[in-house]
Amino acid sequence: MAHSQGWVKRYLKAFCKGFFVAVPVAVTFLDRVACVARVEGASMQPSLNPGGSQSSDVVLLNHWKVRNFEVQRGDIVSLVTIGHKNRYVKVPRGHIWVEGDHHGHSFDSNSFGPVSLGLLHAHATHILWPPERWQKLESVLPPERLPVQSEEECLRGSP
């Protein structure tokens with residue numbers, strides 16, 4: 001009887017040591033390095049969820065890549081949820097303009113205006129699920145989404 005209690009005690013001790021090391025490491029990793037997220041809805045179609053409501057892509061969100069705000073036009077990013085509809089908006093320094101791929105179903109800068117870089121959450125880098133869609137996500141800017149001329153370009157008369 002004492003022998004079986006010793007085994008249980010050793011097992012619980014080892015489990016607790018592992019648990020109290022693994023949980024903080026896992027939480028830190030998921031918060032600071034990368035995590036996985038399911039993409040729901042039609043706002044990013046056709047890049048993500050091309051099958052509509054029948055499937056939801058699962059993507060890898062790279063937190064590390066956005067630490068220095070190194071994002072480019074066409075990158076797929078995740079934002080901290082925030083809550084303006086003008087045709088031309090001046091985007092202040094330290095802010096970005098974000099738009100979903102599917103105009104009619106996107107809650108994006110067309111709804112809430114420029115976004116502070118401080119709200120940038122992560123950069124989506126890979127589709128992980130479903131398996132037939134495994135791929136690296138590339139930065140793609142649709143041809144109809146050309147940059148709007150800056151104020152200085154308009155004053156100089158640049159085409």
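What you see is a predicted model, and the numbers here were worked out from it, not measured in a lab.
- Using modelled atom types, one side-chain atom of W134 and one backbone atom of L128 make a donor-acceptor pair closer than 3.5 Å.
- Here the closest non-hydrogen pair linking V115 and L119 is CG1-CB, 3.9 Å.
- One hydrophobic cluster, built from ILVMFWY side chains closer than 4.5 Å, cannot hold both V33 and V36; they sit in different ones.
- A heavy-atom distance below 4.5 Å is found between the side chains of H121 and H63.
- In this structure, CD in Q135 is found 4.0 Å from CD1 in I127, a value given to the nearest 0.5 Å.
- A 4.5 Å side-chain heavy-atom check between R38 and V58 finds at least one atom pair inside the cut-off.
- If you run side chain to side chain contact (heavy atoms under 4.5 Å, CB included) between V59 and each of L48, I76, T125, only L48 comes through.
- Side-chain atoms of P130 and D57, non-hydrogen and from C-beta on, do get closer than 4.5 Å to each other.
- Atom NE2 of residue H126 and atom CG of residue L61 lie 12.0 Å apart, to the nearest 0.5 angstrom.
- Placement of F19 and Y11 in two distinct hydrophobic clusters is found when ILVMFWY residues are connected by side-chain heavy-atom separations under 4.5 Å, directly or transitively.
- F29 and V27 fall into different hydrophobic clusters, defined by Ile, Leu, Val, Met, Phe, Trp and Tyr side-chain heavy atoms under 4.5 Å apart, directly or through other members.
- From C35, atom SG reaches atom CG of L60 across 7.5 Å, with rounding to the nearest 0.5 Å.
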